[in-house]
Amino acid sequence: MTHKPRETFGSRMGMLLAMAGSSIGLGNIWRFPYMMGKNGGAAFILMYVIMLVVLCLPVMVSEYLIGRRGESNPFSCFDRLAPGSKWRWIGFLAVLASAFILSFYCVVGGWSVKYLADSCILAFSDAQGDYALSFGTFISNPWKPLVYTLIFLGLTGAIIVFGVRKGIERMSKVMITMLFIIIVMVVIRSLTLPGAMEGVKYMFVPDFSKIAADTCIAAMGQAFFSLSIGCGTILTYASYVKKEENILASSAWISFFDTMFAIIAGLAIIPAVYSIAYMNGVEPDVSAGPGLVFITLPGVFSQMPLGNVAAILFFLALLLAAVTSAISLMEVVVAFIIEEMRRSRKKAVALCFVICGVVGAFCSLSFGPLAGFKLFGLSLFDFFDYITSNIMMPIGGLLLAVFAGWRLRRANFLDEFTNSGKLRIPRWISLTLYYLVKLVAPIGILLIFLNTFFS
Ligand code: PFF
């Protein structure tokens with residue numbers, strides 16, 4: 001029972017853009033290109049698409065369906081659909097996962113604020129050609145990255161405070177539209193550089209010899225992270241969705257949009273890296289890992305014509321993408337605080353800012369003064385990244401699918417899925433999806449999961 005009528009999204013377009021905004025983020029621009037670089041280019045894209053259709057789409061449909069039917073934050077959503085059961089603790093786990101993700105996500109969000117500021121004042125040249133050193137010096141500084149982390153978190157909170165329609169929906173619409181226009185401009189610049197086509201070839205000609213067990217796991221983790229599934233964000237957004245929306249169409253649309261964007265972001269980055277390597281007569285290094293965006297790219301921008309403009313646009317795009325994802329993460333925690341702890345939206349945002357700010361500060365410091373502190377052999381930042389993307393999200397996804405496929409009765413699943421029969425979805429499609437949710441997705445996730453930890 002909530003004390004105020006719940007807000008809903010105002011329009012279908014707004015809802016879709018908010019969900020797409022959650023999915024499109026650092027995962028697409030920062031993580032996807034280097035994961036692809038490490039795992040064999042097109043071969044990785046292929047695996048990714050398979051994971052997406054077979055495992056992630058069913059999980060997304062489950063999460064969407066549970067959120068819309070339960071009309072609440074993850075904790076009480078499960079409580080409403082399975083009263084008195086332990087399932088609500090899964091909801092609580094999702095809230096916790098979102099808070100953890102937000103805590104390390106806002107550190108990288110902070111880096112993008114700093115790189116945007118630097119590109120505006122043309123400060124890349126300070127690096128005197130050593131971009132790795134300048135990035136390393138920045139992230140290991142005890143204060144600077146911390147301040148940027150808090151600026152990023154504050155920016156996110158400032159949007160969330162305005163609520164679902166005026167905050168999340170309105171800002172997602174504006175920011176995602178800007179993001180698309182900007183990234184297309186950067187793609188055009190990147191593709192028109194000499195030698196860029198080699199990079200395109202790398203992205204689209206698969207090398208099947210590179211497909212290994214590792215590629216599978218990497219592709220699954222990337223797909224979960226990129227689609228924002230398994231940790232309650234889709235569930236929370238879906239709880240603000242009107243009953244007449246088509247769950248399958250929305251989920252498919254968001255997955256498609258997110259994947260297209262990852263490929264477009266790849267086209268903005270990989271060909272530019274190839275081109276500059278070609279001009280310098282060296283081998284392109286697209287597997288540079290997390291440093292690809294913050295080390296390799298500033299070097300690329302500094303060497304290309306109109307590089308300053310491209311750098312400003314690129315880091316602005318990175319920031320917009322990061323903010324629209326961070327708001328979805330914060331909303332999970334905020335909705336939980338508002339509804340379960342009975343606090344106002346303002347207080348909930350403030351509390352979330354403090355909690356994630358403190359955990360985020362530790363993550364940020366783990367690149368500097370706390371570098372020697374390890375949990376299970378990982379720095380704090382890597383620890384939160386690892387346990388959320390590789391453990392909490394896949395387990396969350398698995399349990400969401402199990403709940404939708406086994407705990408909700410088949411009649412209820414199909415009732416929600418077809419909007420009580422109002423949508424004319426052919427029965428074979430509904431049933432195929434039902435069995436993907438009930439059997440294929442849980443078994444698939446479990447197998448990949450076991451393979452990761454016991455092989
Ligand atoms: N999908 C976001 C990205 O690709 O950057 C990250 C993310 C957002 C993960 C929201 C999880 C989440 F709940």
Side-chain angles (χ1 to χ4, degrees), residues 17-36 48 51-52 56 59-60 63-64 66-67 73-74 91 93-112 152-153 156 159-160 168 172 175-176 179 183 218-239 251 254-266 290 293 317-336 352 356 360 384-397 400:
L17 288 179
M19 289 206 187
S22 168
S23 306
I24 295 173
L26 296 170
N28 304 62
I29 309 183
W30 169 67
R31 215 164 180 264
F32 186 81
Y34 81 75
M35 292 298 281
M36 186 169 74
Y48 181 86
M51 294 293 165
L52 194 86
C56 296
V59 170
M60 189 185 269
E63 190 168 340
Y64 196 127
I66 293 169
N73 68 80
L93 201 73
V95 176
L96 204 65
S98 291
F100 285 169
I101 299 173
L102 182 58
S103 302
F104 75 83
Y105 203 79
C106 64
V107 175
V108 186
W111 299 347
S112 53
F152 179 82
L153 205 54
T156 307
I159 296 171
I160 290 280
I168 300 173
S172 298
M175 289 160 97
I176 290 294
L179 177 61
I183 205 82
M220 181 176 82
Q222 175 60 25
F224 266 82
F225 187 80
S226 188
L227 288 177
S228 311
I229 51 177
C231 64
T233 47
I234 297 293
L235 185 155
T236 305
Y237 273 10
S239 73
S251 305
I254 296 158
S255 310
F256 173 76
F257 205 46
D258 183 66
T259 308
M260 284 319 293
F261 194 87
I263 293 173
I264 293 175
V293 162
L318 192 65
L319 179 61
L320 291 172
V323 171
T324 50
S325 297
I327 56 179
S328 72
L329 287 162
M330 194 182 263
E331 181 63 20
V332 177
V333 186
V334 165
F336 173 80
C352 185
C356 296
F384 282 113
D385 184 357
Y386 189 86
I387 56 161
T388 51
S389 320
N390 292 358
I391 301 179
M392 293 173 100
M393 292 175 86
I395 290 191
L400 282 160

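Both ligands and their constituent atoms are indexed starting at 1 by order of listing. Worth knowing before you read on, the calculation uses all heavy atoms, side chains too, and leaves out hydrogens, waters and symmetry mates.
Atom OG of S112 sits about 9.5 Å away from atom CG of L320, to the nearest 0.5 Å.
A tilted orientation is assigned to the rings of Y105 and F225, their planes being inclined by 30° to 60°.
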Go ahead and list the nitrogen or oxygen contacts between ligand 1 and the protein that come in under 3.5 Å, distances to 0.1 Å, or just say none.
residue	atom	partner	partner atom	Å
ligand 1	1 (N)	S22	O	3.3
ligand 1	1 (N)	S23	O	3.0
ligand 1	1 (N)	F225	O	2.8
ligand 1	1 (N)	S226	O	3.0
ligand 1	1 (N)	S228	OG	3.0
ligand 1	4 (O)	S23	O	3.0
ligand 1	4 (O)	G27	N	3.3
ligand 1	4 (O)	N28	OD1	3.4
ligand 1	5 (O)	L26	N	2.9
ligand 1	5 (O)	G27	N	2.7
ligand 1	5 (O)	Y105	OH	2.5

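With contacts defined as side-chain heavy-atom distances shorter than 4.5 Å, the pair Y48/M35 does not qualify.
A donor-acceptor pair under 3.5 Å links the side-chain atoms of T324 to the main chain of G21, judged by distance alone.
Looking at residues two or more places apart in sequence or on another chain, you find a salt bridge (charged side-chain N to carboxylate O under 4.0 Å, His left out) between E331 and R345.
Tested against L102 for a side-chain contact (heavy atoms from CB on, under 4.5 Å), the candidates L329, V333, I327 yield a single pass: L329.
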